[in-house]
Each structure stands twice: as structure tokens, then as C-alpha cells.
Amino acid sequence: MKAFIYNALPARILFGAVAADVLPAEIERLSRRRALLLSTPGQAEMVAEIARGIGAVTAGLFSEAAMHTPVEVTELALRALHQADADCIVAIGGGSTIGLGKALALRTDLPQIAVPTTYAGSEVTPILGQTEAGRKTTLRSPKVLPEVVIYDTALTLSMPAGLTVTSGMNAIAHAVEALWAQDSNPVIDLLAERGIAALARSLPVLVQDASDPEARSDAQFGTWASGTCLGAVGMSLHHKLCHVLGGSFDLPHSETHTIILPHVVAALLPKLPQMRETLVRILGTDTPAGRLYDIPAAFHASMALRDIGMPHQGIAQAVREVFESSYWMPASVSEKEMEMLLDNAWYGRRPEGI
Ligand code: NAD
């Protein structure tokens, strides 16, 4: 076994719990009494119902969470937190709501309980992306890592098919990049393999039956495993490309990950034979990049950058931006190859034979 460093992140994970049943005891366990519950406007009613269920420990509700954690929204939430005299944060929702919880924890040091309702995986990472004046910056700090995560499968049943598959592909991307990370290690490799396998197995079942409880639970386990990978090791080409595309062209987060992943895998696997063997084994196919394309395509997800608002002439700018920033790459990719990768993603071509 080669030498390695593994930084374990502290978190209490409750898997397969009913959030409304366990929240009061979890809040008490943190020695807290008054929780501010966070949501997006679209999930406000669902969270209000949970608030009614948990009764006195609800100090207030703030339901304005928005994509990419705009600082203006965080400031409004901070005011609501103080007005409610809350002593802890409960974020119930996808990556956007959990991002708001993290932004509040960064500013107040209050403990957080995250109840994820998508597969984005943010709940188990010490990473926070925030937007100020249209510019997104990302930071890593133990302060933003939620202390408790409650995985309640029932809360994922309402996820629309599109979000089911795109947030699931977002999670797979965390695990794939963990396998070829510079600081990869055997502990995270195990989680990455389990995460990819669980999501690749469950997402196709959810195309047929979105409320299959076993597949929903499997997907949520894959989310925890893959999100833990994102929190523990460094990401590279795939996340970098998605960050550039999201930031420069305002493309939607999980849809961009879904489109880009098969093309990054197709570009890198010929240069990484061991990684190819691993993905062939996990996905049970000789063409892993093709499989990572077929899973979302079966949900009729957008598979082309041109369909989600990227202009074709933006490719040159994106290549330039990726090459301007310095970051570790699992294998070298030339500007020409990067341009081809983005051209394939722009047209939504299925990677063949890889
Ligand atoms: P999201 O949180 O933006 O949710 C998208 C929409 O779906 C929202 O309107 C939300 O209310 C709704 N929704 C969520 N769960 C639902 C459910 N079960 N049923 C019905 N509707 C539901 O989407 P996301 O993909 O989870 O998160 C994306 C955001 O998370 C991005 O801003 C991204 O940068 C961030 N993110 C951060 C990390 C990290 O580690 N910091 C990791 C992954 C993603």
C-alpha cells in the first residue's frame, strides 16, 4: 500500500430517518433550542409542514434561498436569524438552501443541521460558493461543514425527473474526479466506487418509477458517498470546466455537470488506463463515457451546451480561461483537445467506443 493522507471530516449522519421525527432530538443533542429553518420559495410549504411537526424548537422560517448563494440573500437571512433569536440553523433543500445555511454558519459560527432533498452532495463538504455582484467565489472552511446531516428519503420523492438525474450526475462527477484526484487515497476510493455504483444503478430505475423507495434510498446513499469524496479530496478538470462555464455563461449548475462529465471522461480515459479499468468494472461496461451519457439521456435531460444557453463562440473563451488558471490535471490535455471536448459537449455528441 502506498503512503497516503486521509483527512476525515467530522459529521453526524442519520441515514433513512424521518426528518420531522428526529429534528427535535438532534437540536437538543447540539444543546440548542431555537432553530431557523431555511428553504427556497418552492419548498416553503413542505418546510412549513415540518416546522408544524417539530413545534416549539422552530424559532422562524426563512424561505428565500436562491441558486449560487447571493450575498444579498444571506444578509436578509442573517437579519431573520437575529430577529428570531435563533441559536441553530436547519437547512432543508438542495445545494442552494444548504449553501445559505453554510453562509450563515460562516458568519455566526452557529451549528447547522442539513436535510438534503437533492443529490448535489453539498451537505457533507466544507465548501461554500457565494455570489457577490455577479461574481462567484468559492471557499473551504471547517466552519461551513454541517454538524448533522439527516437523509430522509421521503423528501426526495417530489424531485422532478430532470433534477433527479442532473443532481445525480453532479454527484457521480464528484466521485469520478475523486478517483483521479492528486490527493486520492484508499478510503475515498472505496466511497467513490460505492457512490458511482449506487447512483449508476438507481438512476435508470428512477427513470421507470420515480417513487421506487429502494432506488431513492440507493441514490441517496450514493449521494452521501460521492459528496464525501468532494469534501475530502481536490477536484480537477471536470469541476474546473463546469466552474468556468457556470461563471462566464451563467449556465445552470447540475445541467452543466451532466453535459460535461461524459466528455471529460472520454478525453481522459485513453490517457489513464488504470482509471479506465476501474470505471469499466464499476459501471459494468466497456464504454464508461458512453454509459455516463446514456443515463441522463434516458431521462431526456439536455445533453448539449447549446440547449442550456452557451454560445458556440464562447468555447474559445472557456478554453482560454481554463488554461489561464493553474490547477492540477490527472493527465495533460492540449488546447486543441479541450476545444474538441467542448465542441462535442456543445453539440451533445455521444462519446463512441470509450
Ligand atoms: P437547488 O438546490 O438549486 O434546487 C433546484 C430547485 O429544485 C429549487 O427550486 C429547489 O427548491 C427545488 N428542489 C430541491 N429539492 C426538491 C425536491 N425534493 N422536490 C421538489 N423540488 C425540489 O439544486 P441543487 O442541484 O441541489 O444545488 C445546486 C447548487 O448547489 C449550486 O449553487 C451549486 O453551486 C451548489 N453545490 C454546492 C456544493 C458544495 O459542496 N458547496 C456541492 C454541489 C452543489
Side-chain angles (χ1 to χ4, degrees), residues 9 11 19 38-50 62-71 73-74 91-103 105-106 112 114-131 136-146 149 151-175 177-178 195 206 210-211 216 219-220 223-224 226-235 238-239 242-247 250-258 261 296 301:
L9 294 171
L38 307 177
S39 77
T40 57
Q43 292 183 288
E45 189 41 51
M46 179 270 288
V47 173
E49 204 178 310
I50 293 180
F62 180 86
S63 53
E64 300 302 321
M67 182 84 91
H68 304 311
T69 329
V71 167
V73 175
T74 302
I92 306 175
S96 297
T97 305
I98 290 167
L100 175 60
K102 289 174 162 184
L106 180 73
Q112 312 166 65
V115 185
T117 63
T118 71
Y119 304 139
S122 175
E123 63 279 1
V124 281
T125 81
I127 304 167
L128 169 63
Q130 306 183 91
T131 317
K136 186 168 176 176
T137 52
T138 303
L139 61 86
R140 241 178 206 272
S141 163
K143 273 185 165 195
V144 306
L145 181 72
V149 182
Y151 287 102
D152 177 344
T153 307
L155 299 181
T156 62
L157 296 179
S158 55
M159 226 194 307
L163 186 60
T164 295
V165 73
T166 58
S167 69
M169 295 307 295
N170 188 190
I172 291 182
H174 307 329
E177 289 236 289
L206 294 171
S211 56
R216 282 286 182 197
Q220 220 174 17
T223 297
W224 166 73
S226 302
T228 302
C229 294
L230 171 68
V233 297
M235 299 287 110
H238 171 81
H239 281 74
C242 293
H243 186 86
V244 163
L245 293 172
D250 200 24
L251 304 187
H253 180 84
S254 60
E255 287 88 339
T256 307
H257 276 266
T258 301
L261 183 64

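Sequential numbering from 1 along the given sequence is applied to the chain's residues. Read the numbers this way: they start at 1 and go in the same order the structure lists the ligands and their atoms. Computation of the quantities below employed the complete heavy-atom set of this structure, encompassing side-chain atoms and omitting hydrogens, waters and symmetry-equivalent molecules.
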Inset, instruction - Give yes or no for whether the N/O distance cutoff of 3.5 Å, strictly under, is met between S167 and ligand 1. - result: no
Legend entry - Sub-3.5 Å N/O-N/O distance, N170 and ligand 1: no
Inset, instruction - Would you kindly say whether S122 and K102 are connected by a side-chain donor-acceptor distance under 3.5 Å? - result: yes
Legend entry - H68, portion touching ligand 1 at heavy-atom distance under 4.0 Å: both
Inset, instruction - Please report which non-hydrogen protein atom sits nearest to atom 24 (P) of ligand 1, along with the residue it belongs to and the distance in Å to one decimal place. - result: G95 N, 3.6 Å
Legend entry - Protein residue, atom and distance nearest to atom 1 (P) of ligand 1, heavy-atom basis: S96 OG, 3.4 Å
Legend entry - Numbered atoms and elements of ligand 1 in range of T40, under 4.0 angstrom, heavy atoms: 10 (C), 11 (O)
Legend entry - Nearest-neighbour protein heavy atom for atom 20 (C) of ligand 1, which is reported as residue plus atom name and distance: S158 O, 3.4 Å
Legend entry - Distance from atom 40 (O) of ligand 1 to nearest protein heavy atom, with residue and atom: T125 OG1, 2.6 Å
Legend entry - Contact partition for L163 relative to ligand 1, non-hydrogen atoms under 4.0 Å: side chain
Legend entry - Any A120 heavy atom less than 4.0 Å to ligand 1: yes
Inset, instruction - Look at atom 26 (O) of ligand 1 and say which protein heavy atom is nearest, naming residue and atom and giving the distance to 0.1 Å. - result: T118 OG1, 2.6 Å
Inset, instruction - Please say whether I127 places an N or O atom under 3.5 Å from an N or O atom belonging to ligand 1. - result: yes
Legend entry - Shortest protein contact, atom 22 (C) of ligand 1 (heavy atom only): Q43 NE2, 3.5 Å
Inset, instruction - Report yes if some N/O of L230 lies less than 3.5 Å from some N/O of ligand 1; otherwise report no. - result: no
Legend entry - Residue part near ligand 1, for T117, under 4.0 Å between non-hydrogen atoms: both
Inset, instruction - For the residue pair H174 and H239, confirm or rule out a side-chain donor-acceptor distance under 3.5 Å. - result: yes
Legend entry - Minimum-distance protein heavy atom relative to atom 39 (C) of ligand 1: S122 OG, 3.4 Å
Inset, instruction - Have a look at ligand 1 and work out which part of K136, if any, has a heavy atom under 4.0 Å from it: side chain, backbone, both or neither. - result: side chain
Inset, instruction - Answer yes if the side chains of Q130 and T69 hold a donor-acceptor pair under 3.5 Å, and no otherwise. - result: no
